[in-house]
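One structure is given here, and the rest of the page talks about it.
Residue numbers start from 1 in every chain, and the chains themselves are labelled A, B, ... in the order their sequence lines are given, proteins ahead of strands.
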Number of protein chains: 2
Amino acid sequence: MARGGKSKSKNLQTGEIQNLAEMFRLLGDPTRLRIVLACSTRDLSVGDIAETLELSQSLVSHHLRLLRAGRILRAERHGRHVFYGAADDHIRHVIADMVEHVAEAHSHTRAKTAA
Amino acid sequence: MARGGKSKSKNLQTGEIQNLAEMFRLLGDPTRLRIVLACSTRDLSVGDIAETLELSQSLVSHHLRLLRAGRILRAERHGRHVFYGAADDHIRHVIADMVEHVAEAHSHTRAKTAA
DNA sequence: CAAATATATGAAGAGGTATTCATATATTGA
DNA sequence: TCAATATATGAATACCTCTTCATATATTTG
């Protein structure tokens, strides 16, 4: 308990901050975020992701590698297809939260791009 | 709420995805994340942030500008000092969530490295 | 085996970004 | 006013990352 519980302490170790930043960084690219959102609810094959999002197979594969390495997505092979999905419920929860928050933020954010 | 409630819909518009990714991107740099964490609970002056985190005043100021522009932090002037803090409760909530999640993730970090 | 399909990977270029250094702009007080 | 303090900003640069193109590696089927 020297490191604080789950109440209000925000004192993270250097390594944890690096981890957290790395996760944010991975979600911080629009293309990667679209990929994560696309297969966070149901698993999708690489080809399906590429087709759905209208991205090249190569680009999708490159991004999937990073997302796998960052433990955001996990891969599962079925025959010649590889299906990708959220790494765990924790990730699913985080994503759902963010989506919800962004929706809320948007509802009372008047300024910005609209015109 | 125009489309989709706060239930399970994850269908974001292109603009919303851009916004969300931009927010993640801003939090995705370790230095910036440290700055945000430092002043997300209580407001801090630029000098205090620099001293606390052992960063140059210039670097802190550059990052603060980005965080302000991204509506993650807000600035408030008092005399010759400028205090920075979380832009709103929404931001505070998001950060608290992520911190909590990263802590949990860390506790059972041994997922499958399977390929 | 070879062919067809699905995915992964290496190299390379274009563009972006974090950091530093120097300097500019407030703000207060004598 | 000038000096001192606090913050902001511009330019330069070294580094990193996204994307594309070409090619390699699996996997199933004939």
Side-chain angles (χ1 to χ4, degrees), chain A residues 14 17-39 42-85 87, chain B residues 14 17-39 42-85 113-115:
Chain A
T14 307
I17 291 188
Q18 299 286 115
N19 278 345
L20 188 51
E22 171 68 4
M23 179 172 173
F24 279 134
R25 196 184 64 79
L26 285 169
L27 296 174
D29 176 80
T31 303
R32 239 166 6 230
L33 183 57
R34 290 213 297 150
I35 292 175
V36 170
L37 289 173
C39 61
R42 68 224 190 283
D43 292 10
L44 286 181
S45 73
V46 179
D48 283 346
I49 297 173
E51 193 176 358
T52 303
L53 304 182
E54 302 189 82
L55 300 171
S56 78
Q57 179 269 320
S58 177
L59 180 56
V60 171
S61 199
H62 275 299
H63 281 307
L64 287 173
R65 181 153 60 104
L66 297 177
L67 291 167
R68 232 187 317 154
R71 308 280 158 98
I72 289 180
L73 298 184
R74 99 194 168 294
E76 200 172 313
R77 181 144 220 155
H78 286 283
R80 8 182 178 184
H81 296 256
V82 177
F83 292 86
Y84 282 83
Chain B
T14 307
I17 291 188
Q18 299 288 119
N19 278 345
L20 189 49
E22 172 68 2
M23 177 174 174
F24 280 136
R25 195 183 66 76
L26 286 169
L27 297 174
D29 176 79
T31 302
R32 252 184 334 251
L33 183 57
R34 289 212 296 149
I35 292 175
V36 170
L37 290 172
C39 62
R42 66 234 141 85
D43 291 12
L44 286 181
S45 73
V46 180
D48 283 347
I49 297 174
E51 194 178 355
T52 303
L53 305 182
E54 301 189 82
L55 300 171
S56 78
Q57 179 269 320
S58 177
L59 181 56
V60 171
S61 199
H62 275 298
H63 281 307
L64 286 173
R65 181 155 60 103
L66 297 177
L67 291 167
R68 230 186 317 148
R71 311 278 159 98
I72 289 181
L73 298 184
R74 107 202 156 296
E76 199 172 314
R77 181 146 220 153
H78 286 282
R80 359 178 187 189
H81 295 257
V82 178
F83 292 87
Y84 282 82
T113 332

**OP:** Taking side chain to side chain donor-acceptor pair (under 3.5 Å) as the test, write out the residues that go with B/Arg77, two or more places apart.
**Re:** none
**OP:** Could you tell me which residues satisfy side chain to side chain donor-acceptor pair (under 3.5 Å) with B/Glu76, sequence neighbours excluded, listed by chain and number?
**Re:** B/His78
Subject >> Interatomic distance, A/Arg42 atom CZ to A/Leu44 atom CG [nearest 0.5 angstrom] >> reply: 4.5 Å
**OP:** Rounded to the nearest 0.5 Å, what's the gap from CZ on A/Phe24 to CZ on B/Arg25? Could you check?
**Re:** 13.5 Å
Subject >> Shortest non-hydrogen contact from A/Leu33 toward B/Ala21 >> reply: CD2-N, 3.6 Å
Subject >> Charged N-O contact under 4.0 Å between A/Asp43 and A/Arg74 >> reply: yes
Atom-to-atom span, [atom1] of [X] to [atom2] of [N] - whole angstrom:
{"X": "B/Arg65", "N": "C/dA26", "atom1": "CZ", "atom2": "P", "answer": "15 Å"}
{"X": "A/Arg68", "N": "C/dT9", "atom1": "CZ", "atom2": "P", "answer": "6 Å"}
{"X": "A/Ile35", "N": "C/dA8", "atom1": "CD1", "atom2": "P", "answer": "11 Å"}
{"X": "A/Leu73", "N": "C/dA8", "atom1": "CG", "atom2": "P", "answer": "12 Å"}
{"X": "A/Leu55", "N": "D/dT20", "atom1": "CG", "atom2": "P", "answer": "8 Å"}

**OP:** Run the numbers on B/Arg34 and A/Ile17 for side-chain contact (heavy atoms from CB on, under 4.5 Å), then give the verdict.
**Re:** CA-CA 7 Å; B/Arg34 289 212 296 149; A/Ile17 291 188; 3.8 Å; yes
Original post:
Is B/Arg32 reaching over with its side chain to a backbone N or O of B/Leu26, donor-acceptor style, under 3.5 angstrom?
Top reply: yes
**OP:** Kindly say whether, by distance alone, the side chain of A/Ser56 makes a donor-acceptor pair under 3.5 Å with the base of D/dT19?
**Re:** no
Original post:
With B/Ile35, which of B/Leu64, B/Leu66, B/Ile72 fulfils side chain to side chain contact (heavy atoms under 4.5 Å, CB included)?
Top reply: B/Leu64
Atom pairs, N/O to N/O, protein against nucleotides 17-19 of chain C, distance under 3.5 Å?
unit_1: C/dT17; atom_1: OP1; unit_2: B/Arg25; atom_2: NH1; d: 3.3
unit_1: C/dA18; atom_1: OP1; unit_2: B/Arg32; atom_2: NH1; d: 3.3
unit_1: C/dA18; atom_1: OP1; unit_2: B/Arg32; atom_2: NH2; d: 2.9
unit_1: C/dA18; atom_1: OP2; unit_2: B/Arg32; atom_2: NH1; d: 3.0
unit_1: C/dT19; atom_1: OP1; unit_2: B/Thr31; atom_2: OG1; d: 3.1
unit_1: C/dT19; atom_1: OP2; unit_2: B/His63; atom_2: NE2; d: 2.6

**OP:** Show your working on side-chain contact (heavy atoms from CB on, under 4.5 Å) between A/Cys39 and A/Ile49 and close with a plain yes or no.
**Re:** CA-CA 8 Å; A/Cys39 61; A/Ile49 297 173; 4.3 Å; yes
Using a 3.5 Å cut-off and no angle test, enumerate the donor-acceptor pairs between side-chain atoms of residues 53-61 of chain B and protein atoms at least two apart in sequence or in another chain.
unit_1: B/Ser56; atom_1: OG; unit_2: B/Leu59; atom_2: N; d: 3.0

Grab the N/O contacts between the protein and nucleotides 1-7 of chain D below 3.5 Å, and write none if there aren't any.
unit_1: D/dA6; atom_1: O3'; unit_2: B/Arg80; atom_2: O; d: 3.2
unit_1: D/dT7; atom_1: OP1; unit_2: B/Val46; atom_2: N; d: 3.4
unit_1: D/dT7; atom_1: OP1; unit_2: B/Val82; atom_2: N; d: 3.2
unit_1: D/dT7; atom_1: OP2; unit_2: B/Gly47; atom_2: N; d: 2.9

**OP:** Estimate the overall bend of the helix from C/dC1-D/dG30 to C/dA30-D/dT1 from the end axes over five pairs each, rounded to 10 degrees.
**Re:** 20°
